[in-house]
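Just below is one structure, and these are the notes that go with it.
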Amino acid sequence: LELDEAVNSMTDDLVALGVLAVVTFTLRAAGFLAADHLPRVGIWRRPIDVAPGNLFVAFGTVGALTGGIPVALGVACAVAAALCWRESELLPLAAGAAAVATAEWVLGL
Amino acid sequence: MPFLISSGITGVVMGVTYREIGLSLPLAVVVSAIVFSGTAQAATAALWTASPVPFLAMAITVISINLRYVIMGAHLRHLFTDLSPRRAVAGLFLLTDGSWAMTVKRAAHGDRDAGILLGTSLPIWVAWVAGTAAGHTLGIAPTGPAASAASFLPLGFMVAVIPAQRGGRATWASWITTRITAAAALLVLPATWATLIGALARIAVGARRSGEQHDG
């Protein structure tokens, strides 16, 4: 009986692993493969071209609103620094991370 | 390097989580190695302990969290039009938010190289898997301001490259639409969906406008 339970548990683990792996990889590959079948001009071209900026802004907005005060300050500092030093992402990154650490330390969060 | 640190620390947290829910060390490492998606793994961690394991719920959770990869993949195709799908598989398997953002930034500066995607993804993957193993073995997750700052790095990089994506006055309007839509969606939806809807809202408007221009 114990052997049966162990086998069942192992099967569950392997199926769960398979589900997670297959779904994740399918999503990673789907856009790349689907784009081959979409026109590279006109109605599809620009939305895909501007997708990075929109996704970055969406990530930043949601991250700032859900991450608490330290993360919101970090996002604000990183964006402000990026507007000053557009050629380097390291300085804005350092400014944002420092703001998060400082805010968390000061606020005791 | 920032992604390496962040991925390693998040991997440690993932390893500790898997240890706490009873996953063995080999299984925890294999899951991190094959799935390689921090948010999806974290969101589905609790489901491993259910009996029977809710496979459908796991799949739906992963889809809702990782749907953004579809947009990222489509954009990568536009960047690397000559790359054969077969050769792209390795890079897509290791695709992360960070490596995608790094590739997009380099492409914006005229450096379109699929090797950048693989070159930035691989170290992140190594750090993630090693972090999971270390976290599971040690059972202690890093905490405090330094750990929070490290966790902030992927998000920080994405917002740091926003100005480099600016194309003109229309871009600001586009981003304001995205921000408002994402914030509004967040009132009624989880963060992952709000992010996706925020980005898609503006993309949909962009599609309509370019369609009008194309028709005209």
Side-chain angles (χ1 to χ4, degrees), chain A residues 12-13 15-17 19-21 23-25 27-36 38 40-63 65-67 70-71 74-75 78-79 81-83 86 89 92-93 96-98 100-102 104-105, chain B residues 2 27 31 34-35 37 40 44 48 53 55 58-59 62-63 66-67 69-78 85 88 92-93 95 104 145-146 148-149 152-153 155-165 171 174-175 178-179 182-183 186 191 194-195 198-199 202-203 206-207 210-211 214:
Chain A
D12 278 357
D13 286 346
V15 174
L17 171 62
V19 167
L20 293 179
V23 173
T24 304
F25 180 69
L27 291 168
R28 282 183 165 128
F32 190 90
L33 298 176
D36 267 344
L38 298 174
R40 299 262 165 88
V41 293
I43 193 167
W44 291 106
R45 174 81 202 192
R46 179 153 169 74
I48 297 298
D49 282 347
V50 301
N54 289 319
L55 260 178
F56 293 149
V57 170
F59 270 118
T61 304
V62 172
L65 291 175
T66 58
V71 173
V75 167
V79 171
L83 287 169
R86 287 184 194 178
E89 72 271 8
L93 199 54
V100 171
T102 306
E104 188 165 310
W105 180 65
Chain B
L27 182 59
V31 172
I34 295 180
V35 180
S37 172
T44 55
W48 285 88
V53 178
F55 302 119
M58 273 186 162
V62 175
I63 290 170
N66 285 342
L67 210 52
Y69 285 139
V70 177
I71 300 173
M72 293 178 182
H75 184 260
L76 286 174
R77 191 46 166 162
H78 280 227
L92 292 171
F93 175 75
L95 177 65
V104 166
S148 298
F152 169 79
L153 293 175
L155 176 64
F157 184 85
M158 285 196 212
V159 297
V161 298
I162 287 174
Q165 298 293 315
T171 318
S174 163
W175 290 350
T178 297
R179 291 194 65 176
L186 198 56
T195 304
R202 183 51 206 167
I203 289 169
S210 53
H214 190 64

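Below, each value reflects all heavy atoms present in this structure, side chains not excepted, and no hydrogens, waters or symmetry copies. Below, chains carry the letters A, B, ... as their sequence lines are ordered, and counting in each starts from 1.
Between the side chain of Arg28(A) and the main chain of Tyr69(B), no donor-acceptor pair closer than 3.5 Å is present.
By number of non-hydrogen pairs under 4.5 angstrom with chain B, the leading residue of Asp12(A), Leu65(A), Thr102(A), Leu33(A) is Asp12(A). Interface check for chain B: of the options Gly60(A), Gly67(A), Ala78(A), Gly74(A), the most heavy-atom pairs under 4.5 Å are formed by Gly74(A). Of the listed residues (Leu17(A), Val19(A), Val23(A), Thr66(A)), the one with the most heavy-atom contacts under 4.5 Å to chain B is Leu17(A).
Side-chain atoms of Val104(B) and Phe56(A), non-hydrogen and from C-beta on, do get closer than 4.5 Å to each other. Side-chain atoms of Val75(A) and Phe152(B), non-hydrogen and from C-beta on, do get closer than 4.5 Å to each other. A 4.5 Å side-chain heavy-atom check between Trp48(B) and Leu20(A) finds at least one atom pair inside the cut-off.
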- Query: Does the pair Phe55(B) and Val15(A) meet the rule for a side chain to side chain contact (heavy atoms under 4.5 Å, CB included), with working shown?
  - Reply: CA-CA 8 Å; Phe55(B) 302 119; Val15(A) 174; 3.5 Å; yes
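Both the backbone and the side chain of Leu95(B) come within contact range of chain A, judged by heavy atoms closer than 4.5 Å. For a residue to count as touching a neighbouring chain, one of its non-hydrogen atoms must lie under 4.5 Å from one of that chain's; by this rule Ser37(B) touches chain A with backbone and side chain alike. Within the 4.5 angstrom heavy-atom criterion, only side-chain atoms of Leu186(B), from C-beta onward, approach chain A.
Atom CD1 of Ile63(B) sits about 9.5 Å away from atom OG1 of Thr24(A), to the nearest 0.5 Å. Of the inter-residue distances, the one linking Phe32(A) atom CZ with His75(B) atom NE2 reads 12.5 Å to the nearest 0.5 angstrom.
Minimum interatomic distance between Gly198(B) and Ala58(A) (heavy atoms only, all atoms of both residues): C-CB, 4.4 Å.
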